[in-house]
Amino acid sequence: MAVELLPLAPASADPALAEFGREVKGIDPASFTPEEFKYGTLLFRDAKVSPEQQYALTKAFDPQSESYGHGNNKTQSTTKSILHPDLKTIPRVPQVQLIGNGTVYNHEGLPEAKLKHPSHTTFHKTRVSPEDEEKGYTRFYRWHIDAALYDLNPPKVTTLYGLTVPKGASQVCRYDDGTGDEISVPLGTTAFVSGKTMFDILPEELKSLAVRMKVKYAPHPTGLGIESDGLELPLNELPEWEEGKIKVLPVLWKNPVTGELHFQVHPCGAMELLISPLPPNAKRTENTLYPDGAHITSLPEVRALLYKLQRPGISPKLVYAHDWKEDDFVIFHNRGVLHTVVGAFTKGEVRAFHQCNLAASDLPEGPSEDDVQKWV
């Protein structure tokens with residue numbers, strides 16, 4: 001059977017989504033090679049992939065990588081982590097995690113696993129009312145990159161394998177940010193956006209800012225959010241951490257294959273922003289932001305600026321919401337897209353997925369001097 005590549009996005013989708021991802025037919029994902037990966041997301045339907053095969057394929061994108069992206073077994077031992085309820089490790093392949101909802105029995109060496117689907121109701125300052133939830137309204141959970149953002153390097157790819165997928169009516173995801181934006185989504189979808197598009201659609205003055213900016217992340221993904229009510233845990237109350245392991249990463253990550261720049265920031269973990277001054281020969285205008293550089297340490301300012309930069313890139317027309325089917329196997333470029341869980345399940349609905357991503361052997365590459373000169 002010849003290999004076919006079919007667009008993930010429907011023909012009616014925004015042109016920016018046209019090259020986002022592909023459904024791959026005619027090849028077993030277990031025999032897939034990284035050289036064939038040229039899109040942000042790839043989907044294989046009706047796949048049969050063991051945990052060992054999933055780990056091997058994920059590792060093929062970075063042969064020097066070894067441990068799970070958050071450190072093997074660390075998410076379950078760190079009870080303050082916001083990731084704690086969401087992951088269970090496959091015992092014989094600790095790089096692969098079991099995620100989902102409900103209770104799963106006798107699964108890959110786990111006698112019993114109680115899973116909790118992440119919900120905005122446990123994480124957001126406000127929530128969709130129970131009455132509106134009954135009507136099918138929901139929200140995005142949190143847009144993010146799969147990464148520890150402390151000590152370990154962000155994984156290059158993530159693989160997701162849908163084993164048990166509940167069926168149900170679609171939901172309406174509300175942005176609830178004053179815009180009135182909303183998008184129809186399948187039940188329990190994983191929503192994706194392109195980091196490349198997020199950068200490409202920015203106006204010139206924000207491109208000039210992004211290409212000069214780095215983000216300093218908090219030591220652990222604990223206690224930080226988008227709202228700023230002074231409720232963050234002080235650094236001395238976080239799990240033990242070292243200054244030398246804190247990550248300072250460029251806002252823009254260069255795709256090593258295409259050379260394109262992708263806006264890749266995990267806003268929930270951002271603690272400070274470091275902005276370089278304009279190069280000496282760059283032209284300054286009244287619209288130039290922070291021409292002399294800046295070090296922004298105020299969390300409300302950090303969050304407001306990142307929101308201004310990232311919000312356009314998650315507008316409804318730019319979101320790909322995957323409609324999961326059982327035995328769907330998805331590979332996505334974790335250094336080129338952002339994603340989020342969406343929706344909610346009842347306690348009785350069982351969902352089981354295998355997830356794998358590996359802490360990378362290198363750091364993402366930021367903009368080059370030529371990139372800076374081009375965009376300032």
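Residue numbers start at 1 and run along the sequence shown. Remember, predicted model here, so these are calculated numbers, not experimental data.
Thr340 places a side-chain N or O within donor-acceptor distance of the main-chain N or O of Tyr141, the cut-off being under 3.5 Å. Glu52 contributes no side-chain N or O that, together with a main-chain N or O of Val49, makes up a donor-acceptor pair within less than 3.5 Å. Side-chain atoms of Arg174 do not come within 3.5 Å of backbone N or O of Tyr137 as any donor-acceptor pair. Listed for the Ser208 side chain is no donor-acceptor partner under 3.5 Å among the backbone atoms of Glu204. Looking at Gln310, its side chain does come within 3.5 Å of a backbone N or O of Val265 through a donor-acceptor pair. In this structure, the side chain of Tyr307 does not engage the main chain of Pro267 through any donor-acceptor pair within 3.5 Å. With hydrogens and angles ignored, the 3.5 Å screen pairs a side-chain donor or acceptor of Lys59 with a backbone N or O of Ser65. With Gln95 contributing its side chain and Glu66 its backbone, the two residues share a donor-acceptor pair below 3.5 Å. In terms of modelled atom types and a separation under 3.5 Å, the side chain of Asn334 and the main chain of Asp146 share a donor-acceptor contact. Looking at Tyr161, its side chain does come within 3.5 Å of a backbone N or O of Ala47 through a donor-acceptor pair.
A 4.5 Å side-chain heavy-atom check between Gln97 and Lys88 finds every atom pair outside the cut-off. Here the side chains of Cys173 and Phe140 are in contact, with some heavy-atom distance below 4.5 Å. Using a 4.5 Å heavy-atom cutoff, the side chains of Thr159 and Val330 are not in contact. Considering only heavy atoms from C-beta on, Leu160 comes within 4.5 Å of Ile99 through its side chain. With a 4.5 Å cut-off on side-chain heavy atoms, Thr126 and Arg139 count as touching. Side-chain contact between Ile90 and Gln54 is absent, with no heavy atoms from C-beta onward closer than 4.5 Å. No side-chain heavy atom of Asn287 sits under 4.5 Å from any side-chain heavy atom of Pro203. A 4.5 Å side-chain heavy-atom check between Leu98 and Leu110 finds at least one atom pair inside the cut-off.
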Evaluation steps, side-chain contact (heavy atoms from CB on, under 4.5 Å), between Ile183 and Tyr175:
CA-CA 8 Å; Ile183 180 175; Tyr175 284 63; 4.2 Å; yes
Does Met198 form a side-chain contact (heavy atoms from CB on, under 4.5 Å) with Ile314? I'd like the steps, not just the answer.
CA-CA 8 Å; Met198 187 174 284; Ile314 64 166; 4.1 Å; yes
Between Leu338 and Phe263, does the side-chain contact (heavy atoms from CB on, under 4.5 Å) criterion hold? Intermediate values first, please.
CA-CA 9 Å; Leu338 281 79; Phe263 199 112; over 6 Å; no
Just do the side-chain contact (heavy atoms from CB on, under 4.5 Å) check on Leu289 and Leu305 with the steps written out, would you?
CA-CA 11 Å; Leu289 300 172; Leu305 185 52; 5.6 Å; no
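A salt bridge is absent between Asp327 and Arg45: the closest approach of a Lys/Arg side-chain nitrogen to an acidic carboxylate oxygen does not fall below 4.0 angstrom. Note on Lys325 versus Asp46: no salt bridge recorded, every NZ/NE/NH1/NH2 to OD/OE distance being 4.0 Å or above. The residues Arg284 and Asp292 are annotated as salt-bridged, a charged nitrogen and a carboxylate oxygen being separated by less than 4.0 angstrom. With respect to the salt-bridge test (charged N to carboxylate O, under 4.0 angstrom), the residues Glu243 and Lys216 qualify.
Val319 and Val128 fall into different hydrophobic clusters, defined by Ile, Leu, Val, Met, Phe, Trp and Tyr side-chain heavy atoms under 4.5 Å apart, directly or through other members. Connection of Leu318 to Val341 is not established within any shared hydrophobic cluster, with ILVMFWY side chains joined at heavy-atom distances below 4.5 Å, either directly or through further cluster members. Residue Val251 is grouped with residue Trp143 when hydrophobic side chains (ILVMFWY) are merged at heavy-atom distances under 4.5 angstrom, including chains of intermediate members. One hydrophobic cluster, built from ILVMFWY side chains closer than 4.5 Å, holds both Leu363 and Ile145. A chain of hydrophobic side-chain contacts below 4.5 Å, direct or via other Ile, Leu, Val, Met, Phe, Trp or Tyr residues, connects Val372 to Leu261.
Between the side chains of Thr179 and Asp177, at least one donor-acceptor pair of N or O atoms lies under 3.5 Å. Counting only N and O atoms by type, the side chains of Glu242 and Tyr150 include no donor and acceptor under 3.5 Å apart. Side-chain atoms of Gln171 and Glu133 form no donor-acceptor pair, as typed in the model, at a separation below 3.5 Å.
Contact record, Asn101 with His117: OD1-N, 3.2 Å, taken as the closest heavy-atom pair. Shown here for Ala282 and Val376, the closest heavy-atom pair between the two residues is CB-CG2, 3.9 Å. Here the closest non-hydrogen pair linking Gly109 and Pro91 is O-CG, 3.8 Å. Here the closest non-hydrogen pair linking Leu187 and Ala169 is CB-O, 3.6 Å. Considering all non-hydrogen atoms of both residues, Leu57 and Pro29 come closest at CD2-O, 3.4 Å. What you find for Ala270 and Leu299 is that their closest heavy atoms are O-CD2, 3.7 Å.
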Validation: residues 348-355 side-chain donor-acceptor distances under 3.5 Å, sequence neighbours left out:
residue, atom, partner, partner atom, Å
Glu349, OE1, Thr346, N, 2.8
Glu349, OE1, Thr346, OG1, 3.4
Arg351, NH1, Gly188, O, 2.8
Arg351, NH2, Gly188, O, 3.3
His354, NE2, His107, NE2, 2.7
Gln355, OE1, Tyr68, OH, 2.6

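Aromatic rings from His266 and Tyr217 are positioned such that their centres are separated by 6.0 Å or more.
Between Lys156 atom NZ and Leu358 atom CG the span is 11.0 Å, to the nearest 0.5 Å. To the nearest 0.5 Å, the span separating CE on Met271 from OG1 on Thr297 amounts to 10.0 Å. Taking CG of Leu209 as the start and CG of Leu309 as the end, the distance is 5.5 Å to the nearest 0.5 Å. We find the NE2-OG1 distance between His333 and Thr158 to be 10.5 Å, quoted to the nearest 0.5 Å. Here OG1 of Thr197 is found 7.0 Å from CG of Leu17. Values are rounded to the nearest 0.5 Å. One distance of note links CZ of Arg142 with NE2 of His339; it measures 9.0 Å at 0.5 Å rounding.
Dense packing is recorded around CD of Glu326, with more than 12 heavy atoms of other residues, nucleotides or ligands lying under 6.0 Å away. Within a 6.0 Å radius of CD in Glu134, other residues, nucleotides and ligands contribute 12 heavy atoms or fewer.
Sorted by first and then second residue, the pairs that involve residues 253-263 and meet side-chain hydrogen bond (donor to acceptor under 3.5 Å, both in side chains), not counting sequence neighbours, are Lys254-Asp371.
Between Tyr320 and His322, the angle of the ring planes lies from 30° to 60°, which puts this pair in the tilted group. Taking the six-membered ring where the residue is Trp, Phe199 and Trp375 present perpendicular rings, their angle passing 60° and hence far from 30°.
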